[in-house]
Each structure stands twice: as C-alpha cells, then as structure tokens.
> 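I have a structure here, written as structure tokens, and I will follow up with some questions on it.
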2 protein chains.
Amino acid sequence: MNNHAKKLATPAANAAGPSTLRHAMQLLKITAAGGYQGASIDDYLDAMTLSRPSIYRLLKSLKAEDYLRSSPKRGRYLLGYQLLALGAQAGNGSGLRDLMRPRLLSLAQRFGDSFYLFARDGIYAVCLEVQNGAYPVGSFVRATGERVPLGVGQASIALLAQLPLAERHTLLKHSATQLEHDYQISIEDVETEIEFLHQHGYARGVEGSQLPEYTGLALPILDHSGHPLGALSCAMLKSRMTDEHRQAVLAGMRHHVTELVEQAHSLLHLE
Amino acid sequence: MNNHAKKLATPAANAAGPSTLRHAMQLLKITAAGGYQGASIDDYLDAMTLSRPSIYRLLKSLKAEDYLRSSPKRGRYLLGYQLLALGAQAGNGSGLRDLMRPRLLSLAQRFGDSFYLFARDGIYAVCLEVQNGAYPVGSFVRATGERVPLGVGQASIALLAQLPLAERHTLLKHSATQLEHDYQISIEDVETEIEFLHQHGYARGVEGSQLPEYTGLALPILDHSGHPLGALSCAMLKSRMTDEHRQAVLAGMRHHVTELVEQAHSLLHLE
DNA sequence: TTGCGAGTCTCAAAATATGAGACGAAAACC
DNA sequence: GGTTTTCGTCTCATATTTTGAGACTCGCAA
C-alpha cells in the first residue's frame, strides 16, 4: 500500500534489484548478443538509457574484473574470460558434469554417436556438456552452455517428464506458441512423448520439421531419492538407428546413468 | 592532488568501480569458491563486510538474472546457468573456438591423444576447449575455462613466445615465485623452451615434477598479420611419444592450424 | 510443539552513481 | 606528416540509491 506510493516516487524502480547491477548485466548481455564481434559503445548507448560516461565507468569496472575485455578491434568489447571460468563452475552444479564427462566420452567412442548432458534451467533445458562422436550429427545445441526451451529435443522430454504434472502443464502452456513458431513442435506431441517415456523408460527424438535427418534417445537422471538431476541424451543420423543399435546404445546409457547415480550418492556421503 | 583528499573523504573508495558491482562479483567468486557445494550466507558474511539485508538483496537480484540459483540444499547458493551461457560465448572470442572444435575432435580421434585450445588471459593461459582422446592422460587443466599461470605447460610456452621480449620478461619475473612454488618450474627452463620453439617451431612438454608421466606438444596460432590468437596443444603419456608419433601428431596439428588461419581470414573478409 | 535458521521489512542517513559537456589521446585518414 | 574523427576520461553538483540495525515472518526439523 505505502510501497505503492514509494514506487511512484522513484521513476526507474519498478524492477527489483540494484540498478547498477542490472545495468552491468545488460552490458554483458549486449556484448554477448554481438557474438564474436562483441559490441561497441553505440550498441550500448542505443540499447540502454545511460549516459556515455556512465557506460564507460561500468565498462571499466567490468574490464577490471575480467568480465569484459577489449576486442582487437578498437572500440569494441568482448566477454572476458572470468565468465568462462565461472561458467565452467556453473555447469558443474552438484558435481554432475565432472562425473558425467568421462562417461560421455566413453559412450561417444564406443558408439560413434554424439552424447549430451542436460539440466533444467527454468523454462529451458541447458546443455552442460557435449561429446561428439565420429559420425557427424545435427542437433539443436552444439556446445556447452546453449539453451533450448523445454519441449525441444529428446532431452527436454526426459526433463519434463520428471516435473509435477501441474508445473509441467503450466510450463508447456506458457511455451506453446514459441514451440510451435520457432520449432514447429506441438505440445500434444510433447505430451505423447512424455507418455512414451513413462511407459518405456526412455525418450525418443521427436519428429520435428527442423532436423528431419536426425533422431536420438534420452534418459532422465534421478538421484537416490528420486529428485531429477538432469538428462543424458544422444543424437544420431536416422539411418543409424536400427533396433539393434538402439538397444545397444540404450543399454550403454542406462549403465552409465546407474553408475553415475551410485557415484554421486557415495560422494555425498563423504561430506 | 585534490582527488587525494576526496579518496580520504570516502572510506571505501580506494578501488575503482561501483561498489555494488564489486560486491556482486565478490558474491559470485565466493560462490564459485564453494565448488559444487556452493556457498551459504555465513560464507558471504564472513568474507565481506556487508550487512545481512544487503547481501540478501544482492543475492535476490543475482538470482533474478540467473547468475545464481538456490542449491537443493536449503540456504546454499550455486552459480546460475546464465554464467554458463555467457561463458560459452566468452570462450569464442574472434570465433576461434567454433573454428577449432571440430579440428580438436578430429585430432583426438585420429591419434587418441588429448588436444587443447588455449588463449592468453593476462598472466594466465586459459583453456578454451578440450578434446580428450581414447588414451588416458593427465594435464594441468581438465576442462574448459580452467586457467594456469603463463609458464605452466607447453601451451604457455607457445603463448609466451609470441609476446614482445620486454613484456615476457616482466611477466615471467612477476610469476617466478608462483611458478617455482606451485609447479616447481624455473623461469630459466621456460626461457630455454621458448628458445626451442623459436628454433623448431613447436613447444615440448616441460619436465616438471608435477606430471612426470606425461608430456606434450604445442603450436602457436598466429593470424595472417602475425597477431597471436592462441595455442593448440596436445598431451599424452610419455611412453607414447616416439619420434614417429611426434612427427605425425605435429604434422596433423600444423595442418589444422594452417587451415584454421585461412578459415578465419576468409571469415573476416565476409564481414 | 518448540526452536532455529533463512529470508524480508521498515526507516532515516549517507554514500554513490548519474548527466552534461568539455577535455585529452590515439587511431585512421588523406 | 598533418588533420580529422572517434574513443575514452575528467569535473562537479544533484539526487537517486544503497546501506545498516534490528525487529519480523516463514518454513523446516527435531
């Protein structure tokens, strides 16, 4: 009630959080949006309503902390390597990535397909680790750190299937238009695949018009108490997916997931 | 002169940059230091001189931006996946990583050894990408985003060798004690290896007492105008490093570096 | 139930970022 | 080599902002 009056008193205090922080993060986002070209002062000035001196001040601070760095091109800024270091840590929540990395390598070497570790990140599935195999493959994500909306790809199915029903429905309804529009995926198909997973224990590559030549498999990863940790996923050319190959790959994936969960369990008991 | 007086007037204004930003980044660092366990309020309170409400305010903001997230453990905080996404971008400065990733995979598959892409980051060498091969290997870095002081490992040699003499000496003198103490590496040996690279065109694994069973090779990556972009490095068991194998691996690495540079060159011309 | 720790709220005080425009420096250009 | 454009910094007054102390609520656990 009274805070309503307060919000009106301060023009730019609608969103939560210290403005300096938000500005700094906006700088990072704009820089990231520039890809490997980075961003220029004008990019920043256009995208936000800060004065030039203020932007330079923030840029200097971010550079001092190695969150940004100057591009070889004069007047352009790139993301700094501190983000890379923190990002590497961030991908290892609960130690999952470290435990999974050698397993992905082993799977990729043995089968020649590409394997992925995913985790849920809000309404997204985030790729924590990739290991490509000898056979070429197309996928929605190619590298660590990329995100796709939950619902896209077989790993998403495995993650969604672990959510409480209500949450899942809310989430899917919320993403429906994006899924349809950007990926030509209908939430009915997603629900169908989730059903398939509940019956057969694994998720299949969905038939989207986006990557028609490829397909895949995915398994959810649950800890001992049933909490979802992530998903192990695999992508391959459709022509490689014989029944025999599917059974072999699934067995390999199941094996590694089982071992992983035991490993994680014993690790937690050490602490 | 007069700013001296100003600094004295404001107690905590010695360092550069908005304090809110520094505090937020300190939070991220402390969280990162907690590894996959993350950090608790007390960790933050102990490590910095902010009041509890202030810390909570910052935590909330960072969580809202997905730079932090709550751990499954109540009261603990982990790094958020936004950092992972930004980190993935950060590692792709100049597009180098995207260009190199498939090449690392190809090398690792062909030779079975482990291959690395490094870049310089101030006084550190930062690992932009790893591709492990079929043969097990030990290395100073195991994952993307990890950093070692310049001087450690063969990739460092390749990076150092591209620096102007004066800068190199300043830098090495500055890191000397750390290199000696943490890695048992003398800067004389480093200089010797740099000399070797200048004569033979590649860097060898240094004989440190840290990883006595492993050795490696590294090549600098220079663009068309001679500016250093990074280093391609390789690690393997000493027993695998026959003369023949070394020649083969070096040839493969040289091949990929040459192709990469041409690729990068033509890419830049498109823009 | 009780207890403890996590997280939030209020307020006034004060520190801190902000903008406008001038200034300095260093490429890039001719 | 001289000139111009662009990048980056500085100053200062203003006022928006964060800050700290402590009381308060909520939720988990014994």
Side-chain angles (χ1 to χ4, degrees), chain A residues 1-27 31 34 37-46 48-65 68-78 225 227, chain B residues 1-27 30-31 34 37-46 48-64 68-78 225 227:
Chain A
M1 309 190 169
N2 46 357
N3 41 0
H4 181 67
K6 199 170 196 179
K7 300 233 167 152
L8 286 182
T10 61
N14 38 13
S19 61
T20 307
L21 231 188
R22 286 207 318 281
H23 291 154
M25 300 187 160
Q26 225 181 327
L27 289 181
T31 311
Q37 303 256 30
S40 71
I41 293 295
D42 291 324
D43 292 334
Y44 300 126
L45 281 170
D46 291 352
M48 41 205 303
T49 58
L50 270 184
S51 64
R52 202 167 50 246
S54 294
I55 288 182
Y56 274 117
R57 274 187 287 253
L58 284 177
L59 286 177
K60 193 153 63 159
S61 307
L62 287 169
K63 264 169 60 173
E65 306 260 3
L68 285 180
R69 64 197 158 104
S70 293
S71 162
K73 277 188 196 166
R74 178 175 147 86
R76 298 198 78 84
Y77 297 84
L78 295 169
S225 40
H227 289 292
Chain B
M1 310 191 171
N2 46 354
N3 42 0
H4 183 66
K6 201 169 196 180
K7 300 230 167 155
L8 286 181
T10 61
N14 38 14
S19 61
T20 308
L21 231 189
R22 285 208 318 281
H23 290 154
M25 301 188 157
Q26 224 180 327
L27 288 181
I30 294 165
T31 311
Q37 305 257 27
S40 70
I41 293 298
D42 291 324
D43 292 334
Y44 301 126
L45 280 171
D46 292 351
M48 40 205 305
T49 58
L50 270 184
S51 64
R52 199 166 54 243
S54 295
I55 288 182
Y56 274 116
R57 274 187 287 251
L58 285 177
L59 286 177
K60 193 153 61 160
S61 308
L62 288 169
K63 263 169 61 174
L68 285 180
R69 63 197 159 107
S70 293
S71 163
K73 279 190 196 165
R74 179 176 146 86
R76 298 198 78 84
Y77 296 84
L78 294 170
S225 41
H227 289 292

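Convention: sequence-line order gives letters A, B, ...; per-chain numbering from 1. As a basis for the values below, the full set of heavy atoms in this structure was taken, side chains included, without hydrogen atoms, waters or symmetry mates.
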> I want to check one thing: is the phosphate of D:dT18, taken as OP1 and OP2, less than 4.0 Å away from some side-chain N or O of B:His23?
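No, outside the criterion.
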> Given D:dG20, is OP1 or OP2 found less than 4.0 Å from the side-chain N or O atoms of B:Ser54?
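So the side chain of B:Ser54 is within the cut-off, an N or O lying under 4.0 Å from OP1 or OP2 of D:dG20.
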> Rounded to whole Å, how long is the line connecting atom CZ of B:Arg22 with atom C1' of C:dT16?
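Answer to the nearest Å: 11 Å.
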> Side chains of B:Gln26 and B:Leu50: does their closest heavy-atom pair fall under 4.5 Å?
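Heavy-atom side-chain distance check fails, nothing below 4.5 Å.
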> To 10°, what angle do the rotation axes through the five end pairs on each side of the helix from C:dT1-D:dA30 to C:dC23-D:dG8 form?
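The end axes of the helix from C:dT1-D:dA30 to C:dC23-D:dG8 are about 60° apart, to the nearest 10°.
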> Of all residues at least two apart in sequence or in a different chain, which pass the side-chain hydrogen bond (donor to acceptor under 3.5 Å, both in side chains) check with A:Ser54?
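With sequence neighbours excluded, A:Ser54 shows a side-chain hydrogen bond (donor to acceptor under 3.5 Å, both in side chains) to A:Ser51, A:Arg57, given in chain and number order.
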> What is the distance, to the nearest angstrom, from the NZ atom on B:Lys73 to the C1' atom on C:dA6?
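Computing the B:Lys73:NZ to C:dA6:C1' distance gives 16 Å.
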> Just to verify, what does A:Thr49 make a side-chain hydrogen bond (donor to acceptor under 3.5 Å, both in side chains) with, not counting sequence neighbours?
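Expected list: none.
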> I need the CG-C1' distance between B:Leu45 and D:dG22, as an integer number of Å.
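Atom-to-atom, B:Leu45 to D:dG22, this comes out as 15 Å.
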> Would you please name every residue forming a salt bridge (Lys or Arg N to Asp or Glu O under 4.0 Å) with A:Arg76, sequence neighbours left out?
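A:Arg76 satisfies salt bridge (Lys or Arg N to Asp or Glu O under 4.0 Å) with A:Asp43 only.
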> Figure out the CG/P separation between A:Leu50 and D:dT17, and round it to whole Å.
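After rounding, the gap between these two atoms is 11 Å.
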> Once side chain to side chain contact (heavy atoms under 4.5 Å, CB included) is applied, do any residues pair with B:Arg52, and if so which ones, sequence neighbours excluded?
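Per chain and number, B:Arg52 pairs via side chain to side chain contact (heavy atoms under 4.5 Å, CB included) with B:Ile41, B:Leu45, B:Tyr56.
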> How many Å lie between CD1 on A:Ile55 and C1' on C:dT18, as a whole number?
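Rounding to the nearest Å, CD1 of A:Ile55 and C1' of C:dT18 are 12 Å apart.
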> Do A:Ser70 and A:Tyr77 have side-chain heavy atoms sitting under 4.5 Å apart?
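SC-SC contact between A:Ser70 and A:Tyr77 confirmed.
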> With the side chain counted from C-beta on, respond yes when B:Pro72 and B:Leu78 share a heavy-atom pair under 4.5 Å apart, and no when they do not.
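A side-chain contact under 4.5 Å exists here.
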> Please list, for nucleotides 7-9 of chain D, all pairs of protein and nucleotide N/O atoms separated by less than 3.5 Å.
unit_1, atom_1, unit_2, atom_2, d
D:dC7, O4', A:Arg74, NH2, 3.0
D:dG8, OP1, A:Tyr77, OH, 3.2
D:dG8, OP2, A:Tyr56, OH, 3.4
D:dG8, OP2, A:Tyr77, OH, 2.9

> Could you list the residues that satisfy side chain to side chain contact (heavy atoms under 4.5 Å, CB included) with A:Leu62, not counting sequence neighbours?
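A:Leu62 satisfies side chain to side chain contact (heavy atoms under 4.5 Å, CB included) with A:Ala24, A:Leu27, A:Leu28, A:Tyr67, A:Leu68, B:Leu21, B:Met25 once adjacent residues are dropped.
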